[in-house]
Amino acid sequence: MTTDSQDPKPLSANEGIKAASRLLRGTIAEDIADSSTGAISEDNNQLTKFHGLYLQDDRDQRTALKRAGREKAFAFMLRVRLPGGRATPQQWLVLDALSEQFATPSLRLTTRQTFQFHGVLKGNVKKLVQGMHRALLDSIAACGDVNRNVMAPPNPERSPVLQQVHDHARAWSEFALPKTRAYHEIWLDETLVAGGEPESEPLYGATYLPRKFKTGFAVPPSNDVDVFSQDVGFIAIVEAGRLSGYNVTAGGGLGMNHGNSETFPRLADVLGFIPPDKVNAIGEAMLATQRDFGDRTNRRHARLKYTIEDRGVDWFQAEVERRSGIAFAAPRPFHFTTIEDPHGWTECADGTWFYGLHILSGRIKDLPGWPMKTALREIAEIHRGDFRLTPSQNLSIAGVSADQKAAIDVILERHGLAGENKRSRLRLNALSCVALPTCGLALAESERALPEILAKFETVLDEAGLRDDAISLRVTGCPNGCARPYLAEIGFVGRAPGKYALYLGASYHGTRLNRLFAPSVTIDDAVRLLTPVIRRFAVERNEGEGFGDFCSRLILPTDATTHSVGTPGATVPA
Ligand code: SRM
Ligand code: SF4
């Protein structure tokens, strides 16, 4: 479990922090108990990420506090671990109440199907974690250099195959959890194991992975999890109505820096096919290969995509086969036709129903005329099924019996939310990351800019008669790519306050990255630039051609700067 012995460069600072941490304990407990500051030390801040916690500060308050000579408005973001995005109504009510008591009174659904709390003061973190624990929820490995929240299609009961895939995703999530008891000791007051000696970490070792590691399971024809953006992906192969296995993908990832061509978004390669009972064995071999060969000297070059890019996909595949003793078969045909969440009522194979509810940017709070939080609380109080969080920051109210549908409709109607799913297809498909004021890395607004961006483009689309056309638009406040903007037909990537790099030309189904169209534009510039393109698209597009395909064919110069080396032919046509 070493980095490449040929590499003379020093290990990154995080490697030292992890190694000295006694399996993620550090001095977090002491730091949390220190009430003289709202912050914790930088080293402990790196370690709390493995416990699902990020130290942040309210950036809206920074200047005023600095002027007043006061400490920044520190608070934590806490991310729940929720494989496949599933929560019971009881858990929903607990999370709702905890957000009112210990956080900003909002819940945020993320692009990886989980909840985030923001604004949790240091003195409240333990109470929040303990409240979650009582509802059988935790935030272990929600962040940090480990296998993150595992994504899977949110509505398993739509078919027995979806259920099986969901079970595999949950099993892989459990398998790849860190084994340290640090979380239980620090946040849940579990007493130390005998002698206080840290236990071992058989899968990860004492320094865990070089960087975050993400897994997603997709069931064609839906690519809702954006499987090619994941470090590791499993694409279900369904033959004669049965799950025959998975095509395995590796080396996806989106984060980059503006102007640094050594960092880039990359689509995953398809390695080959495996039977369904080999998911954990192959997953373990892929994770262990990255653990041992990933770059521990440079965190901007430490994701699996760079290991594969540097050493080659054939090398990676051979190493995974050697470690697992499993040979990949040739990939089987598959075909993606959508990324969109179903909206409204859908009947499932098991006779229950789910209601797909659009939630802009996944933000659940009460606003005048838009009391989403109250409505969902009322639904949770009567709901006998469960809630599913989708990869597009939306919600599915699932497992609803036919006789309960009307009661849910009545609640949404009473709060004026029945029309949420009737918005433009642009809005229903849109994603944005959190960005300001909580994200310390944001260069521009994202979630708070999305309503303006959508309203301006909706006017143009309405005029062009395209209100009901599915176009994917995604916004992030910086190039890290948290709302997967490089897979959007229209991608806004924050550069500076009010300025965005504009990307065009991804395929709607998440199988081709977009390309840089304009390096630094305002929202109004973007609307001006794209209005003629949208008008042309309305009249000149080919039968069935998506907006991204149209831009790729006609608008982007053939030599347009491509910032990626995504694998052409990453899909195997059916
Ligand atoms: Fe992310 C860092 C929010 C999905 C790539 N991401 C962050 C941090 C924690 C900022 C930080 O490091 O200080 C953001 C916290 C903002 C806040 O105030 O809440 C943040 N990322 C998010 C979420 C909440 C966006 C959202 O609005 O939903 C998503 C939470 C997912 C989850 O539940 O686990 C989120 N982040 C993603 C995705 C999309 C995905 O995974 O499907 C990506 C791109 C895919 C990828 O990883 O390549 C993503 N986030 C990053 C990166 C760049 C990583 C890289 O390899 O370059 C960072 C920065 C970093 O790690 O240094 C980052
Ligand atoms: Fe923050 Fe950048 Fe991620 Fe947006 S994309 S949440 S600004 S790190």
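These numbers come from the heavy atoms of this one structure, side chains and all, not from hydrogens, waters or symmetry mates. Indexing begins at 1, ligand by ligand and atom by atom, following the structure's order. This chain uses plain numbering: 1 for the first residue, then up along the sequence.
- The nearest heavy-atom contact from the protein to atom 10 (C) of ligand 1 is Cys439 SG, 3.7 Å.
- Interface atoms of ligand 1 facing Gln393, defined by a heavy-atom separation under 4.0 Å, are 26 (C), 27 (O), 28 (O).
- Scanning all protein heavy atoms for the shortest distance to atom 3 (C) of ligand 1 gives Arg79 NH2, 3.6 Å.
- Evaluated by nearest non-hydrogen atom to atom 57 (O) of ligand 1, the leading choice among Gly255, Gly119, Pro391 is Gly255.
- Put simply, OG on Ser520 and NE2 on His258 are 8.5 Å apart, with the number rounded to the nearest 0.5 Å.
- Annotation: Tyr246 is in aromatic contact with His168 [ring centroid separation under 6.0 Å].
- Here the protein heavy atom with the shortest distance to atom 25 (C) of ligand 1 is Cys482 CB, 3.6 Å.
- Nearest-heavy-atom check against atom 56 (O) of ligand 1 across His301, Arg303, Arg484 picks out Arg303.
- Of all atoms in ligand 2, listed by their number and element, those nearer than 4.0 Å to a heavy atom of Gly477 are 4 (Fe), 7 (S).
- The His118 neighbourhood of ligand 1 comprises atoms 17 (C), 18 (O), 19 (O), with distances under 4.0 Å to a heavy atom of that residue.
- The backbone N or O of Ile359 lies less than 3.5 Å from a partner atom in the side chain of Asn394, making a donor-acceptor pair.
- When only non-hydrogen protein atoms are considered, atom 12 (O) of ligand 1 lies nearest to Tyr54 CE2, 3.3 Å.
- Residue Lys212 holds the heavy atom nearest to atom 63 (C) of ligand 1 of all those in Gln56, Met256, Lys212.
- Across every non-hydrogen atom of Leu267 and Thr511, the tightest pair is CD1-O, 3.2 Å.
- Checked against the 6.0 Å centroid threshold, Tyr54 and Phe76 do not count as a close aromatic pair.
- When heavy-atom distances to ligand 2 are checked against a 4.0 Å cut-off, Cys439 comes that close only through its side chain, counted from C-beta outward.
- Applying the side chain to side chain donor-acceptor pair (under 3.5 Å) test between Asp145 and each of Arg291, Arg296, Arg299, Gln46 identifies Arg299 as the sole match.
- Between atom 2 (Fe) of ligand 2 and Cys482 there is no N/O/S contact shorter than 2.8 Å.
- In this structure, the separation between CG on Leu473 and CZ on Phe457 is 6.5 Å, given to the nearest 0.5 Å.
- Smallest separation of non-hydrogen atoms from Asn280 and Ala171: ND2-O, 3.9 Å.
- The residue Gln113 has no part lying near ligand 1, judged by heavy-atom distances below 4.0 Å.
- Between the Asp31 side chain and the Thr27 main chain, no donor and acceptor come within less than 3.5 Å of each other.
- For the residues Lys49, Gln116, Arg59, the heavy atom positioned nearest atom 24 (C) of ligand 1 is part of Gln116.
- Remark: minimum distance from atom 62 (O) of ligand 1 to any protein heavy atom is reached at Arg211 NH2, 2.9 Å.
- Atoms of ligand 2 lying under 4.0 Å from any heavy atom of Ala442, numbered from 1 in the order shown and given with element: 7 (S).
- Close approach of ligand 2 to Gly481 (heavy-atom distance below 4.0 Å) involves ligand atoms 5 (S).
- Considering backbone and side-chain N/O of Arg112, one or more are found under 3.5 Å from N/O of ligand 1.
- Between Thr111, Leu82, Leu389, it is Thr111 that holds the heavy atom closest to atom 29 (C) of ligand 1.
- Between Glu489 and Arg474, the closest side-chain pair of non-hydrogen atoms is not below 4.5 Å.
- With atom 2 (Fe) of ligand 2 as the reference point, the heavy atom nearest to it among Gly494, Cys478, Gly440 is part of Cys478.
- Taking the six-membered ring for Trp, Tyr183 and Phe50 have ring centres at least 6.0 Å apart.
- Remark: the backbone N or O of Gly251 is not paired with any side-chain donor or acceptor of Tyr306 at under 3.5 angstrom.
- Heavy-atom contacts of Arg108 reach the following atoms of ligand 1: 26 (C), 27 (O), 28 (O) (cutoff under 4.0 Å).
- At a 3.5 angstrom cut-off on N or O pairs, Ala483 does not count as close to ligand 1.
- Contact record, Arg427 with His358: O-NE2, 3.2 Å, taken as the closest heavy-atom pair.
- Among protein heavy atoms, atom 53 (C) of ligand 1 sits closest to Asn480 OD1, 3.3 Å.
- Taking distance alone, with nitrogen or oxygen atoms compared against 3.5 Å, Ser229 stays at or beyond that limit from ligand 1.
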### Message
Checking Arg363 against Val434 for the side-chain contact (heavy atoms from CB on, under 4.5 Å) test, could you report, in this order, the C-alpha distance in whole Å, the side-chain angles of both residues, the deciding distance, and whether it holds?
### Response
CA-CA 9 Å; Arg363 181 63 72 182; Val434 179; 4.0 Å; yes
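- The distance criterion of under 3.5 Å between nitrogen or oxygen atoms is met by Lys214 with respect to ligand 1.
- With a 4.0 Å heavy-atom cut-off, ligand 1 is reached by the backbone of Thr110 and by its side chain too.
- Within 6.0 Å of atom NZ in Lys179, more than 12 heavy atoms from other residues, nucleotides or ligands are found, so the atom counts as buried in its surroundings.
- Annotation for His133: atom NE2 does not count as buried by contact number, only 12 or fewer foreign heavy atoms lying within 6.0 Å.
- Of all atoms in ligand 2, listed by their number and element, those nearer than 4.0 Å to a heavy atom of Asn480 are 8 (S).
- Near Arg300, meaning under 4.0 Å from one of its heavy atoms, ligand 1 places the atoms 57 (O).
- With hydrogens and angles ignored, the 3.5 Å screen pairs a side-chain donor or acceptor of Thr48 with a backbone N or O of Leu53.
- Here Ser432 has backbone heavy atoms under 4.0 Å from ligand 1, and that is the only part of it that gets that close.
- Ion pairing of Arg81 with Asp138 is present here, as a side-chain N (NZ or NE/NH1/NH2) and a carboxylate O approach within less than 4.0 Å.
- Of the N or O atoms in Leu254, one or more lie within a sub-3.5 Å distance of an N or O in ligand 1.
- Closest to atom 44 (C) of ligand 1 among all protein heavy atoms lies Gly481 O, 3.2 Å.
- Proximity of a side-chain donor or acceptor of Thr104 to a complementary backbone N or O of Gly119 within less than 3.5 Å is not detected.
- Phe117 and Phe115 have their aromatic ring centers separated by at least 6.0 angstrom.
- Residue contact check: Leu441 has heavy atoms under 4.0 Å from atoms 10 (C), 11 (C), 12 (O), 13 (O), 59 (C) of ligand 1.
- Counting only heavy atoms of the protein, atom 18 (O) of ligand 1 lies nearest to Thr438 OG1, 2.7 Å.
- Of the N or O atoms in Thr114, none lie within a sub-3.5 Å distance of an N or O in ligand 1.
- Short contacts between ligand 2 and Cys433, defined as distances under 4.0 Å to a heavy atom of the residue, involve ligand atoms 4 (Fe), 5 (S), 6 (S), 7 (S).
- Close approach of ligand 1 to Gly253 is summarised as follows: ligand atoms under 4.0 Å from at least one heavy atom of the residue are 48 (O).
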